[in-house]
Amino acid sequence: MIKRELKEQYDLGLLISYSCKLHGISYANLCSGILSYSTLMRILNNEIEVEKFVADQLFSRAGVCPDSFEAFIGESDWNWFCKRQEILASYNQKLYFKMEEQLKCYETNCPKSYPIHLQYVKMMQAYRLKEISTSFDFLNQALQALQCTIPTIHSIVWKTICLTPQELSILTLIAEGYWKTGNVSDSVSLLYRIISYPKLHPTEIEEILKFLPYARLILSQIYFETHQFANAISECYKGIQLLRDNNCIRFLIPLMEQYLQMKEYKPFTKWSHKENKIFREISTYLHTLKNIMQDIPVCLPMLYSMENYENCHLISETLYRYRKYKKMTQQQFCEGICTVRAFREIEKGKTNPKKLCFRDFMRQCQLPETKYIPYIQGGSLTEQTLAKQFLKNIRLHKYKEAQTTIQELEQTIPLMYPTNQLFLNYSQILIQELLFHLSPEQQIQQYEKALQDKIPEYPNIDIEIYPFMLYEILILNNIACCYGNIGNHSESIKILTSIRNNYLNSKTSNILSHDGYCLILINLAKYLGLSGMHKKALAINQELIYREFSRGFIHYSNSAIYGIYWNLHRQSDSHIYDYKRYFDSSRDIAQLMKNYTELNFILSQYNQS
């Protein structure tokens with residue numbers, strides 16, 4: 001790992017340059033078409049800052065998923081993100097005239113400094129034309145979108161080029177356009193290039209899921225149309241397996257429908273035993289997903305967002321919350337940093353603090369002095385990956401693997417950062433609980449000590465106001481669960497409800513995705529149900545399923561589906577049909593996502609009841 005000073009860890013430029021050096025990416029390839037080389041140098045030297053939309057493209061090209069950071073964003077970034085989500089919503093609702101007006105407004109008013117905004121507009125126009133116009137029109141629009149950052153499709157040198165999910169999605173659109181206009185050979189060739197991209201370039205799985213499933217779907221459809229059924233089945237199945245392995249449902253239903261369509265062209269009786277088994281499984285899973293969508297109800301999008309802005313915080317809201325928590329006036333809070341008049345504008349979101357001013361405010365809030373907080377501050381990309389893998393293993397109930405991961409991480413994690421120390425404390429206590437049966441009372445004591453090291457005033461804080469970071473939320477969640485495990489459900493519900501209200505008090509809560517929020521929902525529903533508040537528990541479970549399905553993931557949804565079964569089963573006015581089908585759905589989805597620990601739990605609970 002490159003040696004760096006403590007303060008330097010807070011710089012965006014160093015995060016990007018380190019990623020490029022690690023992955024062997026030249027700066028010229030990194031910035032080509034997005035911004036000038038001189039502008040990139042100024043970013044790397046921390047002379048200027050760029051909006052998150054631009055920074056995310058650089059991170060993606062450098063082989064790092066932008067969602068790997070807990071980021072602070074300004075009001076302008078937030079507003080443009082909201083406009084892109086509104087355009088996406090119009091497309092998914094098939095409001096194409098409204099979408100056209102939104103795109104015109106976006107193009108007129110968006111920042112002109114960087115071509116990726118114009119590329120976004122032309123890409124969404126291509127998606128729109130695909131639904132309402134000729135194949136030639138949407139192909140030409142997709143080619144124009146690509147030209148915003150890449151001169152021509154024939155200029156691409158696939159071994160060295162760095163691409164973003166937005167560019168790879170545009171290339172998939174172009175391949176689809178080639179196919180629709182009769183140029184099948186170029187379409188297949190391009191799709192193979194797209195599918196092979198992650199093999200040639202470092203690409204995190206979160207980024208791969210944004211473009212690869214749809215590319216495999218289109219390739220399967222082409223093979224199906226040209227009667228290459230073995231290839232069609234293979235591409236379809238690979239796409240389904242990729243999604244199953246990652247608890248993702250983006251384009252899963254179209255892939256399943258495509259797979260089942262093969263039956264008409266390869267009679268069922270001629271399929272091998274293995275093929276028959278897969279066919280029956282996929283048929284069951286597809287039926288289950290459609291039933292859940294109808295029951296909640298939720299409609300899966302035709303197109304998913306390529307930018308989640310995962311775990312982002314508004315700068316203005318963070319400053320306001322911390323000031324209120326400290327019970328300070330605006331004058332007291334900004335003293336020695338900026339004028340009261342300037343601070344009022346910052347707190348209202350009308351302007352962003354300058355770089356040095358921002359760092360002073362973060363220090364005032366006892367937060368890291370950066371707009372991009374990695375999973376592990378000051379850590380290498382290997383350490384970032386290990387931290388993400390630990391959290392994933394915990395979610396999938398792979399506790400032994402999680403222990404191995406955290407033991408490896410303990411050797412190298414930089415502990416001069418309070419956030420890293422908090423993560424390590426959280427991880428170690430959690431492993432002691434899961435593998436060595438640490439008592440709930442001991443867990444509460446250790447978790448509270450870890451939290452007090454980071455927030456000295458805890459527990460004498462208003463949880464609904466305090467500007468928590470992700471690891472602090474995870475620890476509070478575990479404290480609440482410990483209270484629940486010793487039968488103190490009211491205290492558990494009190495803590496979890498306060499954290500939920502903390503999220504809901506932010507104006508970003510309905511659009512932005514937060515890891516901690518879904519975890520809070522699933523446990524809040526659990527303890528509401530155990531306290532006999534079944535209707536409230538049902539509403540929380542339904543909210544969780546709707547939120548995850550809409551974003552294309554089902555990390556916690558299956559627990560929520562089982563929760564609906566459990567709560568309906570205990571309501572005296574519920575008919576057996578009403579709740580038994582939710583049990584069947586939770587069982588089938590656990591099998592679909594290969595979550596066998598959860599499957600065994602579901603089956604054991606059903607047998608007991």
Distance-only, no hydrogens or angles: does the Asn567 side chain make a donor-acceptor pair with backbone N or O of Leu538 under 3.5 Å?
-> no
Step-by-step side chain to side chain contact (heavy atoms under 4.5 Å, CB included) determination, Phe553 to Tyr304 = CA-CA 11 Å; Phe553 289 94; Tyr304 290 91; over 6 Å; no
Going by an N to O cut-off under 4.0 Å, is there a salt bridge joining Glu464 and Lys324?
-> no
Lys449 and Asn425: CA distance, side-chain angles, deciding distance, side chain to side chain contact (heavy atoms under 4.5 Å, CB included) verdict | CA-CA 9 Å; Lys449 172 65 169 59; Asn425 290 340; over 6 Å; no
Exercise: identify the closest heavy-atom pair between Tyr447 and Ile475 | O-CG2, 3.8 Å
Is it true that a side-chain atom of Ser492 and a backbone atom of Ala480 form a donor plus acceptor pair closer than 3.5 Å?
-> yes
With side-chain hydrogen bond (donor to acceptor under 3.5 Å, both in side chains) as the test, would you mind laying out the steps for Ser68 and Gln384 before giving the verdict?
-> CA-CA 8 Å; Ser68 300; Gln384 309 293 347; over 6 Å; no
Shortest non-hydrogen separation from Phe251 to Leu243 and the atoms involved | C-CD1, 4.2 Å
Kindly assign one of parallel, tilted or perpendicular to the pair Tyr372 and Phe69, based on the angle between their ring planes and the thresholds 30° and 60°.
-> perpendicular
Are Arg244 and Tyr285 in a cation-pi setup, meaning NZ or CZ lies under 6.0 angstrom from the ring centre and within 45 degrees of the ring axis?
-> no
Could you verify whether a donor N or O on one side chain and an acceptor N or O on the other, from Glu207 and Ser60, lie under 3.5 Å apart?
-> yes
Gap separating the CG atom of Leu252 from the OH atom of Tyr259, nearest 0.5 angstrom = 13.5 Å
Step by step, would you call Tyr562 with Tyr565 a ring pair (Phe, Tyr, Trp, His ring centres under 6.0 Å)?
-> CA-CA 5 Å; Tyr562 177 80; Tyr565 152 73; 5.4 Å; yes
Check: Leu496 main-chain N/O paired with Asn477 side-chain donor or acceptor under 3.5 Å = no
Can Glu310 and Arg551 be said to form a salt bridge (charged side-chain N to carboxylate O under 4.0 Å, His left out), step by step?
-> CA-CA 11 Å; Glu310 189 86 29; Arg551 286 163 173 75; over 6 Å; no
Within the distance-only criterion (no hydrogens, no angle test), does the side chain of Asp77 pair as donor or acceptor with the backbone N or O of Glu51 below 3.5 angstrom?
-> no
Can you find a pair of side-chain heavy atoms, one from Tyr309 and one from Thr508, that are under 4.5 Å apart?
-> no
Go through the side-chain N and O atoms of Asn488 and Ser490 and say whether any donor and acceptor fall under 3.5 Å apart.
-> yes
Between Arg84 and Trp80, is NZ or CZ placed under 6.0 angstrom from the six-membered ring centre and within 45° of the ring axis?
-> no
Judged by atom type as modelled, is there a donor-acceptor pair below 3.5 Å linking the side chain of Glu548 to the main-chain atoms of His555?
-> yes
Nearest heavy-atom contact between Gly529 and His534 is O-CE1, 3.4 Å
If you measure from the Lys or Arg side-chain nitrogens to the Asp or Glu carboxylate oxygens, is any gap between Lys52 and Glu307 under 4.0 Å?
-> no
Leu528 side chain reached by Ile493 side chain, heavy atoms, under 4.5 Å | yes
With no hydrogens and no angle check, do the side chains of Gln428 and Glu410 hold a donor and an acceptor under 3.5 Å apart?
-> yes
Is there a donor-acceptor contact under 3.5 Å linking the side chains of Ser169 and Lys210?
-> no
So, for Arg547 and Ser509, which heavy atoms are closest and what is the spacing to 0.1 Å?
-> NH2-O, 2.9 Å
Check: Tyr458 side chain, Glu448 main-chain N or O, donor-acceptor pair, under 3.5 Å | no
Using atom types as modelled and distance alone, determine if a side-chain donor or acceptor of Ser506 lies under 3.5 Å from a backbone N or O of Tyr503.
-> no
Under 3.5 Å, side chain of Gln377 to main-chain N/O of Tyr417, donor-acceptor pair present?
-> no
Cationic N near anionic O, under 4.0 Å, Glu75 to Lys507 | yes
Would you tell me whether Tyr466 and Glu457 have side-chain atoms, one donor and one acceptor, within less than 3.5 Å of each other?
-> no
Locate the shortest heavy-atom distance separating Pro440 from Ile486; write the atom from each residue and the value.
-> CB-CG2, 3.4 Å
Do you see a donor-acceptor pair shorter than 3.5 Å between the side chains of Gln389 and Thr405?
-> no
Paired with Asp295, the side chain to side chain donor-acceptor pair (under 3.5 Å) test is passed by just one of Gln542, Lys290, Arg581, namely Arg581
Heavy-atom donor-acceptor pair, Asn541 side chain to Ala537 backbone, under 3.5 Å = yes
From CA spacing to verdict: side chain to side chain contact (heavy atoms under 4.5 Å, CB included), Ile463, Phe468 = CA-CA 8 Å; Ile463 292 177; Phe468 290 109; 3.8 Å; yes
Can you give each donor-acceptor pair under 3.5 Å made by side-chain atoms of residues 396-403, sequence neighbours left out, with the distance rounded to 0.1 Å?
| unit_1 | atom_1 | unit_2 | atom_2 | d |
| --- | --- | --- | --- | --- |
| His397 | ND1 | Tyr399 | OH | 3.0 |

State, without any angle test, whether Glu70 and Tyr471 hold a side-chain donor-acceptor pair at a distance under 3.5 Å.
-> no
Take Leu289 and Ile292, measure what side chain to side chain contact (heavy atoms under 4.5 Å, CB included) needs, and give me the verdict at the end.
-> CA-CA 5 Å; Leu289 287 172; Ile292 291 297; 5.8 Å; no
Can Arg587 and Asp584 be counted as an ion pair, charged N to O under 4.0 angstrom?
-> yes
What are the two closest heavy atoms between Leu599 and Gln591, and how far apart are they?
-> CD2-CG, 3.6 Å
Can you check whether Ile373's main-chain N or O pairs, donor with acceptor, with Thr370's side chain at less than 3.5 Å?
-> no
Verify whether one side chain among Asn558 and Glu598 offers a donor that lies under 3.5 Å from an acceptor in the other.
-> yes
